[in-house]
*Asks:* 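Sharing a structure below in structure tokens format, with a few things to ask.
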Amino acid sequence: MNKYKYYLFDLDGTISESALGIRESLENAIKSMGKPLPNLDDYTLYIGPPLLDTFRNICRFNEEESARGVEIYREYYNTKGKLVNKLYDGIDRVLADLKNSGAKLAVCSSKYEKFAEEITELLGVHDMFDAICGSTLDGSRKDKKDLIPYAVERLGGSLENDRKDTVMIGDTWFDTKGARLCCVDFVGVEYGYGDLESMKKEGGRVFVKTTAELLDVLTK
């Protein structure tokens, strides 16, 4: 018997190792705009939060520059960046076991929804999910507090009625905060790009180091 009815998975850093493609796309956008390149060695700064926020907060772009940065980023990512991507070892088994048990699964990512669709196809796990949920082109529905209710609805439920039957799985404080604000359970993965302490500060209590541990926590 499943612990939950609805399983919502972050994409980058939870399902896929994608940092290099994201960094390349971000660097290309910044250089194309003739801006100085910030230090991007710390993946936690820009993997997890919405892309628009990255240009505002990390690159210190104004609103117009940030919007243009997102456009350039997406153009590069769509042709090159998304190809630099692979599954974490064992995550396919986690998804398959949950799917075969009758649970409902969704990708719940701040990534542009079309890209999330294409990436799950490239990684060969698209059919494991009942819904692929991401942000919109105009930047709306980019925060996890907005994405989580949307994902639950796409799976056939409602957050109001199904909070106790929903779990968010992710690797950053951004995922943790969304789960806390939506009052759903959270499981943090330490193998991703996020920081354990920042997830704890946002209220995270359950963490796993490997995909094998993740399967145990989600099913037992």
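What's counted below: heavy atoms across the whole structure, side chains too, no hydrogens, waters or symmetry copies.
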*Asks:* Salt-bridge test for K144 and D10: reply yes if a basic N is under 4.0 Å from a carboxylate O, no otherwise.
*Replies:*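 Looking at K144 and D10, the cut-off is met.
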*Asks:* Do L40 and L26 have side chains that approach each other closer than 4.5 Å (heavy atoms only, starting at C-beta)?
*Replies:*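 SC-SC contact between L40 and L26 confirmed.
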*Asks:* According to the salt bridge (Lys or Arg N to Asp or Glu O under 4.0 Å) rule, which pairs have a member within residues 122-133, sequence neighbours left out?
*Replies:*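 Residue pairs with at least one partner in residues 122-133: K99-D130.
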*Asks:* Partners of K209 by salt bridge (Lys or Arg N to Asp or Glu O under 4.0 Å), sequence neighbours excluded?
*Replies:*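 K209: salt bridge (Lys or Arg N to Asp or Glu O under 4.0 Å) contacts with E190.
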*Asks:* What pairs of residues pass the ring-ring contact (aromatic ring centres under 6.0 Å, His included) test when at least one of them lies in residues 124-157, not counting sequence neighbours?
*Replies:*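 ring-ring contact (aromatic ring centres under 6.0 Å, His included) check on residues 124-157 returns no pairs.
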*Asks:* Any idea which heavy atoms bring V167 and Y4 closest together, and the distance?
*Replies:*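 Closest heavy-atom pair between V167 and Y4: CG1-CD1, 3.6 Å.
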*Asks:* List the residues meeting side chain to side chain donor-acceptor pair (under 3.5 Å) with S18, not counting sequence neighbours, and say none if there are none.
*Replies:*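 D12.
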*Asks:* Can you check side-chain contact (heavy atoms from CB on, under 4.5 Å) on S198 and T172, steps first, answer last?
*Replies:* CA-CA 7 Å; S198 65; T172 69; over 6 Å; no
*Asks:* Might you point out which heavy atoms bring L159 and V152 nearest each other, and give the distance in Å?
*Replies:*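 Answer, listing the atom of L159 first, then V152: N-CG1, 3.8 Å.
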*Asks:* Tell me every residue that passes salt bridge (Lys or Arg N to Asp or Glu O under 4.0 Å) with E27, counting only those two or more places apart in sequence or in another chain.
*Replies:*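 Here the qualifying residues are R23.
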*Asks:* As a quick check of understanding, evaluate side-chain contact (heavy atoms from CB on, under 4.5 Å) for I91 and L214, giving each step before the final call.
*Replies:* CA-CA 9 Å; I91 195 66; L214 178 60; 4.0 Å; yes
*Asks:* Roughly how far, to the nearest 0.5 Å, is the CH2 atom of W173 from the CZ atom of R180?
*Replies:*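 Nearest 0.5 Å value for the CZ-CH2 distance: 10.0 Å.
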*Asks:* Does anything in residues 15-69 form a ring-ring contact (aromatic ring centres under 6.0 Å, His included)? List the pairs, not counting sequence neighbours.
*Replies:*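 Counting only pairs at least two positions apart or across chains, the ring-ring contact (aromatic ring centres under 6.0 Å, His included) contacts touching residues 15-69 are Y43-Y46, Y43-Y193, F55-F61.
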*Asks:* Could you give all pairs that pass the salt bridge (Lys or Arg N to Asp or Glu O under 4.0 Å) test and reach residues 50-68, with sequence neighbours left out?
*Replies:*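 Every salt bridge (Lys or Arg N to Asp or Glu O under 4.0 Å) pair that includes a residue of residues 50-68, provided the two are not neighbours, is K35-E65, D53-R56, D53-K142, R56-E63, R68-E71.
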*Asks:* Residues two or more places apart in sequence or in another chain: which of them pass side chain to side chain donor-acceptor pair (under 3.5 Å) with K86?
*Replies:*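 Checked K86 against side chain to side chain donor-acceptor pair (under 3.5 Å); zero matches.
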*Asks:* Taking C-beta and beyond as the side chain, do D165 and Y7 meet within less than 4.5 Å on heavy atoms?
*Replies:*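 Side chain of D165 against side chain of Y7, heavy atoms only: no contact under 4.5 Å found.
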*Asks:* Suppose we screen for side chain to side chain donor-acceptor pair (under 3.5 Å). Which residues come up paired with K200, at least two apart in sequence or across chains?
*Replies:*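 Side chain to side chain donor-acceptor pair (under 3.5 Å) check on K200 returns nothing, list empty.
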*Asks:* When rounded to the nearest 0.5 angstrom, what is the spacing between CG in D185 and CG in L218?
*Replies:*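 Answer rounded to 0.5 Å: 10.5 Å.
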*Asks:* What's the shortest heavy-atom distance between F186 and A179, and which atoms?
*Replies:*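 F186 and A179 have their closest heavy atoms at CB-CB, 3.8 Å.
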*Asks:* In a table with atom names and distances, give each donor-acceptor pair under 3.5 Å that connects a side chain of residues 100-109 to protein atoms at least two apart or in another chain.
*Replies:*
from, atom 1, to, atom 2, distance (Å)
N100, ND2, A96, O, 3.1
S101, OG, N2, OD1, 2.8
S101, OG, N2, ND2, 3.1
S101, OG, L98, O, 2.6
S109, OG, K111, N, 3.0

*Asks:* Can K114 and E118 be counted as an ion pair, charged N to O under 4.0 angstrom?
*Replies:*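 Here K114 pairs with E118 in a salt bridge, since their nearest N and O are under 4.0 Å apart.
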*Asks:* Hey, mind stepping through V70 and Y112 against side-chain contact (heavy atoms from CB on, under 4.5 Å) and telling me if it holds?
*Replies:* CA-CA 10 Å; V70 169; Y112 175 38; over 6 Å; no
*Asks:* Please give me the minimum heavy-atom distance between S25 and Y73, naming the atom from each residue.
*Replies:*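 Taking every non-hydrogen atom into account, CB-CE1, 3.4 Å.
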*Asks:* Would you say that R74 contacts L137 through its side chain, given a criterion of any heavy-atom pair below 4.5 Å between the two side chains?
*Replies:*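 They are in side-chain contact.
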*Asks:* What closest approach, in Å, do S16 and L123 show between heavy atoms, and which atom pair accounts for it?
*Replies:*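 Shortest heavy-atom contact: CB-CD1, 3.6 Å.
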*Asks:* Residues two or more places apart in sequence or in another chain: which of them pass salt bridge (Lys or Arg N to Asp or Glu O under 4.0 Å) with D97?
*Replies:*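 Salt bridge (Lys or Arg N to Asp or Glu O under 4.0 Å) list for D97, sorted by chain: R93.
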*Asks:* For E24, check side chain to side chain donor-acceptor pair (under 3.5 Å) against everything at least two apart and list the hits.
*Replies:*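 So E24 forms no side chain to side chain donor-acceptor pair (under 3.5 Å) with any residue.
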